[in-house]
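What follows is one structure encoded as C-alpha cells, with my remarks underneath.
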Amino acid sequence: MLFHSSLRKELARSFGATLVVLVTIVMSMILIRTLGQATKGSVNPQEVMLVMGYTVLGYMPTILTLSLFIAIVSTLSRMYKDSEMVIWFASGRGLASFLSPLLRFAWPVLAVIAAFALLIWPWANQQTAELRERYERRGDLDRVAPGQFQTSASGSRVFFIDKDAASTGGSKNVFISTSENGKDTVTSAQSGRIEIVGNDQMLRLSSGQRLETTVATGEIQISEFADYSTRVGTSRLSLPGELPVRARSTQTLLVERTAPHLGELAWRLGLALAAFNCVVIALVLSSVNPRVGRAGGMVFALFTFIVYYNLINLGQSWVTGGRASFAGFMLGLHGGGLLLGLLWLAKRHNNWTLRSLLRPRTRISTE
C-alpha cells in the first residue's frame with residue numbers, strides 16, 4: 001500500500017541516520033569517561049575499548065528508543081510542514097490511521113529494545129564488573145612497573161622492582177616498605193616470584209633482609225632470610241550472588257523479589273514499555289503549524305522524552321526504597337502514559353475541543 005510503504009521508507013532513513021549520530025555521540029562520551037577511569041587506575045588501560053563496548057551495549061535501549069522517537073517526530077512534522085498531511089487527511093486518512101504503519105515499522109525495534117533491556121543489559125554490566133574487579137584485585141606486584149615506586153591497593157605498602165621477568169613471574173632486586181599493626185617494616189631481597197596458594201597470591205622472596213621498627217617503642221629488629229613469603233593479593237573473583245543488582249539476570253530478579261530487585265526490574269521493564277508508549281506519544285507530538293518552524297515542536301517533544309525517562313529513574317529509586325509498590329508504579333507511569341497518549345490521539349483524530357464537548361447537541365427536524 002502506497003500510504004504504508006512511503007511512510008515506512010522515510011521512517012527507516014530518518015531512524016538510521018539518527019541512530020548513527022546518537023551512537024557516535026555516546027561512544028565519544030563513554031570513551032572520554034573510560035579513559036579518565038583508566039588514568040585513575042579503575043580500569044585496565046589495555047581493556048578500555050572492551051569496557052567501552054560493554055557500556056555502549058548497556059545504553060542501547062535508550063539510544064534505540066530515542067532514535068525511534070526522533071525519527072517519528074521529525075518525519076511526521078516534515079509532512080505537516082510540507083502539507084503532505086493535509087493531502088492524506090483529505091483522502092480520508094485520519095491521524096489515528098498512522099498508528100498502524102508506525103507500529104509495523106517499530107515492532108522489530110521494540111523487540112530489540114526489550115531484548116537489550118532484559119538480557120543484554122545485565123550481561124554487559126556483569127562483564128564490566130568482572131573486568132573492573134579483576135583489575136582491582138590483581139596482585140600488588142602486577143601494579144608495579146620496573147624502576148618505579150608504586151603504592152599497593154591497600155595503601156599500606158610501597159614496592160620497588162629493579163627488573164621484572166614477566167615471562168617467569170619473577171623479579172630482581174625487590175624492595176617493600178610496609179606500615180601496619182603499629183610497625184614499620186622494610187624488606188629487601190635479591191629476587192622474588194609470585195605463587196598462587198588457594199585463593200591468595202603469595203610473594204616468595206629469596207636471599208634478603210628484613211628491618212622491623214616498632215613505632216611506639218622505637219625498637220628495631222633486623223633479620224636475614226634465605227626464603228620468605230608474604231601475601232600480596234587475592235585471585236578470587238566475586239561470586240554470582242555478590243554481583244551488583246544491575247548485573248544480575250532478569251530471571252534472578254523475578255525469583256528473588258526483594259526491594260532492590262523489584263526496583264531494577266521496574267527499570268528494565270520500564271525501558272521496554274516506554275519504547276512502545278513513545279511511539280504513541282511521538283505521533284501526537286508531531287503536529288506542527290506549517291507556517292511555523294519545526295524547532296519548537298521538536299524541543300517540546302525532546303523535553304517530554306527526558307521527563308518520561310527521568311520519571312523511570314525516579315520510580316526505580318522509589319521502588320527500591322519501598323516508597324512505591326512495583327505494580328502501582330508500573331501501572332501509574334506506563335499505564336497512565338499510554339492512556340494519556342491514546343486520549344490525546346483521539347482528541348487530535350476527532351478534532352475535539354472544549355467548546356465542542358460542552359456545546360449541547362441540537363436535533364435537526366425533518367418535518
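The side-chain hydrogen bond (donor to acceptor under 3.5 Å, both in side chains) analysis of residues 16-31, with sequence neighbours excluded, yields no pairs.
Classification of the F329-H334 ring pair by plane angle, with boundaries at 30° and 60°, yields perpendicular. Below 30°, between 30° and 60°, or above 60°: for W121 and W267 the angle between ring planes is between 30° and 60°, a tilted geometry.
Inter-residue side-chain proximity for L205 and D227 is flagged as unmet; no heavy-atom pair is nearer than 4.5 Å. A heavy-atom distance below 4.5 Å is not found between the side chains of Q127 and V51. Annotation: side chain of W123 is not in contact with side chain of L119 (no heavy-atom distance under 4.5 Å). A 4.5 Å side-chain heavy-atom check between V48 and L35 finds at least one atom pair inside the cut-off.
Looking at residues two or more places apart in sequence or on another chain, you find a side-chain hydrogen bond (donor to acceptor under 3.5 Å, both in side chains) between S249 and T252. For E47, the salt bridge (charged side-chain N to carboxylate O under 4.0 Å, His left out) test picks out no residue, with sequence neighbours left out. Evaluation of the side-chain hydrogen bond (donor to acceptor under 3.5 Å, both in side chains) rule for R268 yields T250, E264 as partners, not counting sequence neighbours. A search for side-chain hydrogen bond (donor to acceptor under 3.5 Å, both in side chains) contacts involving Y309 returns T65, not counting sequence neighbours. In terms of the side-chain hydrogen bond (donor to acceptor under 3.5 Å, both in side chains) criterion, residue partners of N277 (sequence neighbours excluded) are, by chain and number, Y308.
Of the possible polar contacts, one joining the H261 side chain to the E256 backbone as a donor-acceptor pair under 3.5 Å is found. With S286 contributing its side chain and L283 its backbone, the two residues share a donor-acceptor pair below 3.5 Å. Although no hydrogens or angles enter the test, the distance criterion places a donor-acceptor pair under 3.5 Å between the side chain of S325 and the main chain of G328.
For F225, the CZ atom counts as densely surrounded, since its 6.0 Å shell holds more than 12 non-hydrogen atoms of other residues, nucleotides or ligands. Within a 6.0 Å sphere centred on CH2 of W318, other residues, nucleotides and ligands contribute 12 heavy atoms or fewer.
Here the CZ atom belonging to F98 is positioned 13.5 Å from the CG atom belonging to L103, to the nearest 0.5 angstrom.
Among all heavy-atom pairs drawn from F105 and L68, the shortest one is CE2-CD1, 3.8 Å. When all heavy atoms are compared, the tightest approach of L285 to F69 is CD1-CZ, 4.1 Å. The two residues V73 and A282 make their nearest non-hydrogen contact at CG2-CB, 3.7 Å.
Side-chain polar atoms of D184 and S179 form a donor-acceptor pair below 3.5 angstrom. A donor atom on one side chain and an acceptor atom on the other are found under 3.5 Å apart for S74 and S14.
Linking Ile, Leu, Val, Met, Phe, Trp and Tyr residues whenever their side-chain heavy atoms come within less than 4.5 Å places L254 and F326 in a single cluster.
Note on E10 versus R78: salt bridge recorded, some NZ/NE/NH1/NH2 to OD/OE distance being below 4.0 Å.
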